[in-house]
Amino acid sequence: MGRIVSIGECMGELSETGAPGALSMGFAGDTLNTAFYLRQSLGPEWQVDYVTAVGTDGLSDRMLDFLNAEGIGTAHIRRLADKTIGLYYITLKEGERSFTYWRNDSAARRLASDPAAIVRALENSDVAYWSGITLAILPNQDRLALIEALGQFAGRGGTVVFDPNLRPRLWDNPETMRGWIHRAAAISDLCLPSFDDESTWFGDSDPIETAKRYHAEGARRVIVKNGGGAVTFLETTDKTGVLSIPSVEHVVDTTAAGDSFNAGFLAAELSGKSIEDAIAAGARLAAKVIGARGALVKDATAS
Ligand code: ADP
């Protein structure tokens with residue numbers, strides 16, 4: 001039996017349904033989206049756990065019920081009596097979605113405030129997945145504690161997988177973001193950036209430059225996504241490659257494209273596939289997810 005933990009923030013999602021005054025309620029967040037697709041893609045020989053902090057209120061209960069119903073383990077989710085989960089609201093106007101967030105004081109911002117709890121969550125795990133958003137929402141000392149815990153996990157043979165998911169609005173300034181993202185990449189076995197963000201915030205001129213930069217910072221392997229463009233990988237300094245992906249005719253909603261790609265890739269690698277086949281699996285899963293509305297698309301496996 002293998003175990004993957006995904007660490008980060010899951011939020012409540014309120015969206016307008018189109019009917020006057022009616023809202024629908026769901027749950028999503030980058031690392032949760034990946035956990036959801038990992039659970040869908042992996043067999044029962046893998047346990048997928050989510051690691052975060054929530055409140056003790058009814059809304060937090062609903063989130064845990066949702067995770068449990070999806071088969072995602074909740075044993076390492078801390079419950080904080082004085083906090084609750086973050087929320088976001090999706091407004092639909094002429095088919096375009098815009099997002100309003102209430103997350104500045106969410107329980108998840110304290111997910112690493114008890115480093116011993118993180119260490120316990122990583123015990124008996126094979127893979128830890130996290131992102132630049134996980135890091136962005138934490139106070140500085142908790143960022144350090146989380147990086148240290150994951151670095152020790154890697155030192156014991158655990159696999160650390162990191163998606164930089166650059167979100168400058170969650171950081172004090174872009175320079176601070178860049179510094180922490182590189183510290184996170186330095187302890188990661190696999191880094192999964194998206195070229196669009198990387199070219200904007202690091203000035204990379206092409207995806208191989210992104211891959212080489214993260215590798216130079218210490219990430220062992222790098223896979224650079226690029227929307228509908230080719231995926232670039234760096235396995236070792238001597239082994240790099242570029243794989244084109246099938247085009248998707250009708251893109252409905254690109255929410256969670258990168259998150260689902262990561263899950264499809266990881267699930268395929270963990271089942272023994274080559275890096276090329278695993279990239280193809282990631283792209284197949286992402287293609288299904290962007291062909292439907294919403295972050296979490298049921299029954300969207302890569303096969
Ligand atoms: P993010 O969602 O993190 O910004 P990308 O936009 O780079 O990530 O997309 C992640 C993956 O989703 C891509 O590698 C690809 O497999 C798939 N994807 C995204 N947009 C498209 C598209 N327009 N056509 C086909 N595949 C896409």
Side-chain angles (χ1 to χ4, degrees), residues 6 8-9 13 28-38 40-41 88 90 97 99 129-136 161-170 177 181 184-185 188 190-202 204-211 213-214 219 221-234 240-269 273 275-297 300-303:
S6 182
E9 178 167 28
E13 177 192 271
D30 66 331
T31 47
L32 182 273
N33 304 342
T34 300
F36 175 90
Y37 290 113
L38 280 168
Q40 280 196 12
S41 306
Y88 65 101
I90 306 175
R97 289 149 53 100
F99 297 80
Y129 177 84
W130 65 317
S131 80
I133 296 178
T134 310
L135 199 55
V161 182
F162 179 67
D163 184 335
N165 248 335
L166 305 176
R167 295 290 183 280
R169 268 186 297 180
L170 293 175
M177 173 178 78
I181 291 290
S188 297
L190 174 61
C191 190
L192 295 159
S194 288
F195 181 64
D196 203 19
D197 294 343
E198 303 293 330
S199 60
T200 305
W201 297 104
F202 283 95
D204 300 334
S205 54
D206 55 35
I208 195 68
E209 194 177 327
T210 303
R213 175 172 49 78
Y214 279 117
R221 297 185 304 153
V222 186
I223 293 173
V224 187
K225 298 159 277 178
N226 191 12
V231 174
T232 300
F233 67 88
L234 183 156
T240 60
V242 178
L243 289 177
S244 58
I245 56 168
S247 59
V248 175
E249 244 163 58
H250 191 47
V251 177
V252 175
D253 176 2
T254 57
T255 309
D259 307 332
S260 56
F261 175 96
N262 297 349
F265 173 85
L266 263 181
E269 260 221 328
K273 296 277 194 306
I275 194 163
E276 290 90 349
D277 288 350
I279 288 170
R284 272 200 305 280
L285 177 53
K288 288 191 184 168
V289 170
I290 65 178
R293 188 165 284 287
L296 304 182
V297 178
T301 51
S303 48

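Counting starts at 1 for both ligands and their atoms, in listed order. These numbers were taken from a predicted model, which means no experiment stands behind them.
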T31 and N165, any side-chain heavy atoms less than 4.5 Å apart:
no
Under a 4.0 Å heavy-atom limit, does A286 contact ligand 1 with its side chain, its backbone, both, or neither?
side chain
Would you say E198's side chain and E209's backbone share a donor-acceptor pair under 3.5 angstrom?
no
Which ligand 1 atoms are under 4.0 Å away from a heavy-atom of G258?
1 (P), 2 (O), 3 (O), 8 (O), 10 (C)
Honestly, for N226 the part within reach of ligand 1 (heavy atoms, under 4.0 Å) is backbone
Please find the pair of heavy atoms, one from T134 and one from G8, that lie closest to each other, and give the distance.
OG1-CA, 3.6 Å
Of all the atoms in ligand 1, which lie at a distance below 4.0 Å from a heavy atom belonging to I245?
15 (C), 16 (O), 26 (N)
Heavy-atom contact check, 4.0 Å cutoff: does I290 meet ligand 1?
yes
Answer yes or no: does an N/O atom from S194 fall short of 3.5 Å to an N/O atom of ligand 1?
yes
Decide yes or no for D163 and K225: does some side-chain heavy atom of the first lie under 4.5 Å from some side-chain heavy atom of the second?
yes
Using a 4.0 Å cut-off to any heavy atom of A283, which atoms of ligand 1 qualify?
16 (O)
Which residue holds the protein heavy atom closest to atom 25 (C) of ligand 1, what is that atom called, and what is the gap in Å?
V248 CG2, 3.4 Å
Of all protein heavy atoms, the one nearest atom 7 (O) of ligand 1 is G227 N, 2.8 Å
Look at the aromatic rings of Y88 and F99 and report parallel, tilted or perpendicular, splitting at 30° and 60°.
tilted
Donor-acceptor pair, side chain of S194 and main chain of D196, under 3.5 angstrom
no
With heavy-atom distances below 4.5 Å as the criterion, would you say the side chains of I245 and V231 are in contact?
yes
protein heavy-atom neighbour closest to atom 22 (C) of ligand 1 works out as G228 CA, 3.5 Å
